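None of these values were measured; they are calculated from a predicted model.
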Amino acid sequence: MIREELVFGPIHSRRLGSSLGINLLPRTGKLCNFDCIYCECGWNRDGRTTEPLPAVSDLQETLEATLRDCLEKGTGIDSITFSGDGESTLHPCFGEMIDVTLSLRDRFFPEAKVSVLSNATRLGDEKVFQALRKVDNPILKLDAPADAAVALINRPQGSYHVEDVVRNLERFEGDFILQTMFLRSEDFDSSDPAQLASWMDIVRRVSPREIMAYTLDREAPMPGLVKFTVEEMTALLKPLVEEGFNVQIKG
């Protein structure tokens, strides 16, 4: 399964273009409060490590050197993206990491966006929320509209309630990107009419500036998962498109 350095890439992202990645989590393991059945980093149990988290000074030094090198080589960067091996917002210095990244972005690649891929579980922490408000692209996950379905797909570690997440998403006042995985398993189908209708009601409630609908692209830890085609997702999301939502579909 995928393991990343503190700064990696740039790589071509199907959603963000030329993306320079930032991994605030252990290079040799995984740290996440979700244990998604489709995660390209594998199961949490297989990612346990004693390696410490990187310090703010580590990011300052490594990102500055990488950005300078990319600039000198003429390597384009569309997005500096917090992703990596788990949930970036779990890092206790997440806000400071964002500030360092924004400062270096402005210095070396001012046209690049700063993006954060997050499962949205930490939005109740005011420091995390305010840090995400600073970035260009807060990309926040909601794969299912009810706690029972989230338990099947994302397998949260600890307390999780969809309604809590939705209330926190409303605080962005539409200035965020909603990310949703479409898949089929033995226990869940994203195209189930009741599930889909409830998810669409949440979309209308939080009114994101963009919806990223995507499906399986890499090896998943749970066998037997079935990806959706672009055509299937396009048909499923047609009502939202007709209502004027900006829907990006990636197969």
Side-chain angles (χ1 to χ4, degrees), residues 25 30-47 83 85-91 94 116-129 132 138-216 220-228 232-233 236-237 239-240 243 245 247:
L25 306 163
K30 178 189 176 187
L31 179 62
C32 195
N33 54 359
F34 271 8
D35 201 14
C36 298
I37 62 176
Y38 58 81
C39 182
E40 62 195 31
C41 298
W43 298 121
N44 288 354
R45 64 174 180 262
D46 298 324
S83 54
D85 306 333
E87 175 56 33
S88 296
T89 64
L90 290 173
H91 196 292
F94 176 72
V116 178
L117 300 172
S118 172
N119 61 24
T121 56
R122 301 263 297 143
L123 298 180
D125 183 317
E126 190 63 22
K127 290 182 179 178
V128 170
F129 175 78
L132 288 170
I139 304 172
L140 306 174
K141 177 189 298 295
L142 185 66
D143 287 335
D147 293 355
V150 171
L152 294 172
I153 305 167
N154 306 121
R155 309 199 323 169
Q157 312 295 289
S159 177
Y160 177 94
H161 299 290
V162 168
E163 179 59 26
D164 293 340
V165 173
V166 171
R167 286 199 199 99
N168 284 321
L169 291 176
E170 288 182 304
R171 296 182 65 202
F172 284 86
E173 299 179 328
D175 190 17
F176 75 100
I177 298 169
L178 183 69
Q179 182 186 66
T180 299
M181 165 66 76
F182 280 73
L183 56 75
R184 294 186 182 93
S185 72
E186 288 186 359
D187 303 313
F188 180 81
D189 185 339
S190 299
S191 65
D192 174 81
Q195 294 280 353
L196 188 63
S198 295
W199 175 80
M200 286 187 179
D201 285 342
I202 291 174
V203 171
R204 296 178 182 110
R205 179 176 166 187
V206 299
S207 192
R209 72 171 195 248
E210 183 179 332
I211 301 163
M212 284 185 176
Y214 68 122
T215 191
L216 302 166
M222 178 172 282
L225 302 183
V226 179
K227 68 184 296 181
F228 278 72
E232 286 175 315
M233 290 188 290
L236 291 171
L237 297 175
L240 293 179
E243 291 172 32
F245 284 95
V247 180

*Asks:* To the nearest 0.5 Å, what is the distance between CD (E126) and CZ (R171)?
*Replies:* 4.5 Å
*Asks:* Are any of the side-chain heavy atoms of L178 and I202 separated by less than 4.5 Å?
*Replies:* no
*Asks:* Give the minimum heavy-atom separation between P221 and C39, together with the two atoms involved.
*Replies:* CD-O, 3.0 Å
*Asks:* What I'd like to find out is whether the side chain of W43 reaches to under 4.5 Å of the side chain of I37, using heavy atoms alone.
*Replies:* yes
*Asks:* How far does CG of D143 sit from CE of M181, to the nearest 0.5 angstrom?
*Replies:* 7.0 Å
*Asks:* Using only atom types and a distance under 3.5 Å, with no angle test, would you say the side chain of D175 pairs donor to acceptor with the backbone of R209?
*Replies:* no
*Asks:* Between V203 and P208, is any pair of side-chain heavy atoms under 4.5 Å apart?
*Replies:* yes
*Asks:* Does any N or O in the side chain of S83 come within less than 3.5 Å of the main-chain N or O of L117, such that one atom is a donor and the other an acceptor?
*Replies:* no
*Asks:* Distance check, rounded to the nearest 0.5 Å: W199 atom CH2 versus D192 atom CG?
*Replies:* 14.0 Å
*Asks:* Evaluate the side-chain proximity of S185 to L225: yes if any heavy-atom separation is below 4.5 Å, no if none is.
*Replies:* yes
*Asks:* Count the heavy atoms of every other residue, nucleotide or ligand shown that sit under 6.0 Å from NZ of K227, and state whether that count exceeds 12.
*Replies:* yes
*Asks:* Given the rule in the side-chain contact (heavy atoms from CB on, under 4.5 Å) test, do V128 and S118 qualify, once you have shown the distances and angles that lead to the verdict?
*Replies:* CA-CA 11 Å; V128 170; S118 172; over 6 Å; no
*Asks:* Verify whether one side chain among N154 and Y160 offers a donor that lies under 3.5 Å from an acceptor in the other.
*Replies:* no
*Asks:* For residues A213 and L237, report the shortest heavy-atom separation together with the two atoms involved.
*Replies:* CB-CD1, 3.5 Å
*Asks:* Measure the OG1-CE distance between T180 and M212 for me, rounded to the nearest 0.5 Å.
*Replies:* 11.0 Å
*Asks:* Using a 3.5 Å distance criterion without hydrogens, assess whether the side chain of S207 forms a donor-acceptor pair with backbone atoms of G174.
*Replies:* no
*Asks:* Using side-chain heavy atoms (C-beta onward) and a distance below 4.5 Å, is R155 in contact with F34?
*Replies:* no
*Asks:* Tell me, with the steps shown, if Q157 and C32 meet side-chain contact (heavy atoms from CB on, under 4.5 Å).
*Replies:* CA-CA 8 Å; Q157 312 295 289; C32 195; over 6 Å; no
*Asks:* Looking at D189 and S191, what are the two nearest heavy atoms and their distance?
*Replies:* OD1-OG, 2.6 Å
*Asks:* Going by atom types alone, do T121 and N119 pair a side-chain donor with an acceptor below 3.5 Å?
*Replies:* yes
*Asks:* Check whether any side-chain heavy atom of M200 sits under 4.5 Å from a side-chain heavy atom of F245, and report yes or no.
*Replies:* no
*Asks:* Identify whether the distance between the nearest side-chain nitrogen and carboxylate oxygen of K30 and D85 falls below 4.0 Å.
*Replies:* no
*Asks:* Looking at E87 and K141, is there a salt bridge between them, counting it only when a charged N and a carboxylate O are closer than 4.0 Å?
*Replies:* no
*Asks:* Once side-chain contact (heavy atoms from CB on, under 4.5 Å) is applied, do any residues pair with A144, and if so which ones, sequence neighbours excluded?
*Replies:* A149, V150, I153, F188
*Asks:* To the nearest 0.5 Å, what is the distance between OG1 (T89) and CG (L123)?
*Replies:* 7.5 Å
*Asks:* Using modelled atom types only, decide if a donor and an acceptor are shared between the side chain of S190 and the backbone of L183 within a distance under 3.5 Å.
*Replies:* yes
*Asks:* Between D187 and L152, which heavy-atom pair has the shortest distance, and what is it?
*Replies:* O-CD1, 3.7 Å
*Asks:* Under 4.5 Å between any side-chain heavy atoms of F176 and L132, yes or no?
*Replies:* no
*Asks:* Report the distance from atom CZ of R205 to atom CG of L169, rounding to the nearest 0.5 Å.
*Replies:* 9.5 Å
*Asks:* Could you walk me through whether F94 and D125 pass side-chain contact (heavy atoms from CB on, under 4.5 Å), step by step?
*Replies:* CA-CA 11 Å; F94 176 72; D125 183 317; over 6 Å; no
